[in-house]
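What you see is a predicted model, and the numbers here were worked out from it, not measured in a lab.
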Amino acid sequence: MPEPVTQTLDVPGATLTYDVRGDLANRPVLLIIGSPMGASGFPTLASHFEDRAVVTYDPRGVERSVRSGEVTELSPEDHAADLAALIDHLDVGPVDVFASSGGAVNALALSARRPDVIHTLVAHEPPLAGILPDSEAALGAVEDMYATYQRDGMGPGMAKFITLVSYDGEIPADYTQQPAPDPAMFGLPTEDDGSRTDALLGQNLRGCTSYAPDFDALGKVKDRIVFGVGEESSNQMAGRGGKAAAERLGLTPVRFPSGHGGFLGNEYGQPGKPTEFAAKLREVLDR
């Protein structure tokens, strides 16, 4: 795989950093995105597409993409504007998009507002808690997690995040009344460092999970959208969000190998099944 060429793009309120692998004249370009996961989560997946031009980026406020001004909460619409600006800047649309987790939510917002820049979107496990049958309990758990982060810091907040996203099945009404998980169980800090700008808990959590997709707009381009769910995670909140969104559009979700991070190599020490995952992604994109 060619070494990535790193560049930046100034957008209102931030400077985005992105990486290009291969020749952008090779169309369609494959854009691989997450949120709040940045480009550092995708080298293994990108390496399976040496025949494609691949673009990855850090969403605003993540890793190398620095925000300017006051650090406030973000919405999928904010990220969709950034993605549209990046695609327009590179002059490569329409692109194929593989979008993971919060990135899938942002890509759905992009598809609704700028369908002209999307060739095919594979939206893998968007955590759309607001469209689930148990949305009240799920969003209540998110609000509790955010309040915990604001009150006690990253360790307690992240412990609740891990516990929630790995919960199998519908979120019960009394979920927030259960004993709080111990951050030390997950190797998380128990001391509060005083910061409240974490990209996940402080900037993207609530806007992402509560996002209400424009299903009327998405319905007009549903032939270009594929929802993916993990074989091991399809009954967890993000997988259920993907299935719920697919059902709203009359689509059948595609099962991908492994779980929510099935595309990962050893980027974070929790590898999925990247070879099998990439093969399934290639199959879907080649249809």
Side-chain angles (χ1 to χ4, degrees), residues 1-11 15-35 37-60 62-65 79-104 106-124 126 221-228 254 256-257 261-267 272-287:
M1 188 78 185
E3 287 297 312
V5 176
T6 300
Q7 300 182 60
T8 60
L9 171 65
D10 290 331
V11 293
T15 297
L16 304 178
T17 299
Y18 63 93
D19 303 308
V20 177
R21 295 170 171 86
D23 185 354
L24 292 178
N26 185 6
R27 307 294 176 89
V29 168
L30 175 58
L31 176 63
I32 300 178
I33 62 173
S35 182
M37 182 179 285
S40 63
F42 297 110
T44 300
L45 182 59
S47 73
H48 288 275
F49 291 89
E50 292 188 353
D51 57 322
R52 303 280 301 261
V54 177
V55 176
T56 55
Y57 93 123
D58 295 339
R60 65 168 59 209
V62 173
E63 297 178 17
R64 303 165 298 171
S65 289
H79 292 297
D82 288 346
L83 290 166
L86 177 59
I87 295 167
D88 288 344
H89 170 70
L90 294 174
D91 193 23
V92 292
V95 298
D96 284 343
V97 182
F98 170 73
S100 167
S101 194
N106 301 340
L108 290 171
L110 174 65
S111 295
R113 69 186 291 173
R114 286 290 306 276
D116 59 299
V117 300
I118 302 286
H119 180 261
T120 300
L121 165 61
V122 180
H124 185 255
V221 293
K222 68 178 184 178
D223 58 325
R224 293 185 245 162
I225 300 174
V226 176
F227 288 95
V254 174
F256 276 74
F263 53 87
L264 288 170
N266 203 38
E267 283 88 353
K273 297 179 179 177
T275 301
E276 296 91 333
F277 193 102
K280 174 57 73 172
L281 177 57
R282 184 179 291 276
E283 174 190 320
V284 171
L285 291 174
D286 286 348
R287 287 178 184 173

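- Remark: side-chain polar atoms of Asp58 are paired, donor with acceptor, to backbone N or O of Ala39 under 3.5 angstrom.
- Here the shortest heavy-atom pairing between Ala84 and Arg114 reads CB-NH1, 3.9 Å.
- Under the 30°/60° scheme for interplanar angles, the aromatic rings of Phe98 and Phe256 are found to be tilted.
- The side chain to side chain donor-acceptor pair (under 3.5 Å) contacts involving residues 22-33 comprise nothing, where partners must be two or more places apart or lie in separate chains.
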Would you give me the side-chain donor-acceptor pairs under 3.5 Å for residues 272-279, sequence neighbours excluded?
none

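- Scored by the side-chain hydrogen bond (donor to acceptor under 3.5 Å, both in side chains) test, Lys280 finds Glu283 as partners (sequence neighbours excluded).
- With Thr8 contributing its side chain and Leu16 its backbone, the two residues share no donor-acceptor pair below 3.5 Å.
- In this structure, Ser65 contributes its side chain and Thr17 its backbone to a donor-acceptor pair below 3.5 Å.
- Here the options are Phe49, Tyr57, Tyr18, Phe263, the test is ring pair (Phe, Tyr, Trp, His ring centres under 6.0 Å), and the partner is Phe42; only Phe263 passes.
- Between the side chain of Arg224 and the backbone N or O of Ile118 there is at least one donor-acceptor pair closer than 3.5 Å.
- Applying the side-chain contact (heavy atoms from CB on, under 4.5 Å) test between Leu90 and each of Val29, Leu24, Leu31 identifies Leu24 as the sole match.
- Side-chain contact check for Ser40 and Glu267: no donor-acceptor pair (N or O, by modelled atom type) lies under 3.5 Å.
- With values rounded to the nearest 0.5 angstrom, Leu83 atom CG is found 5.5 Å from Leu110 atom CG.
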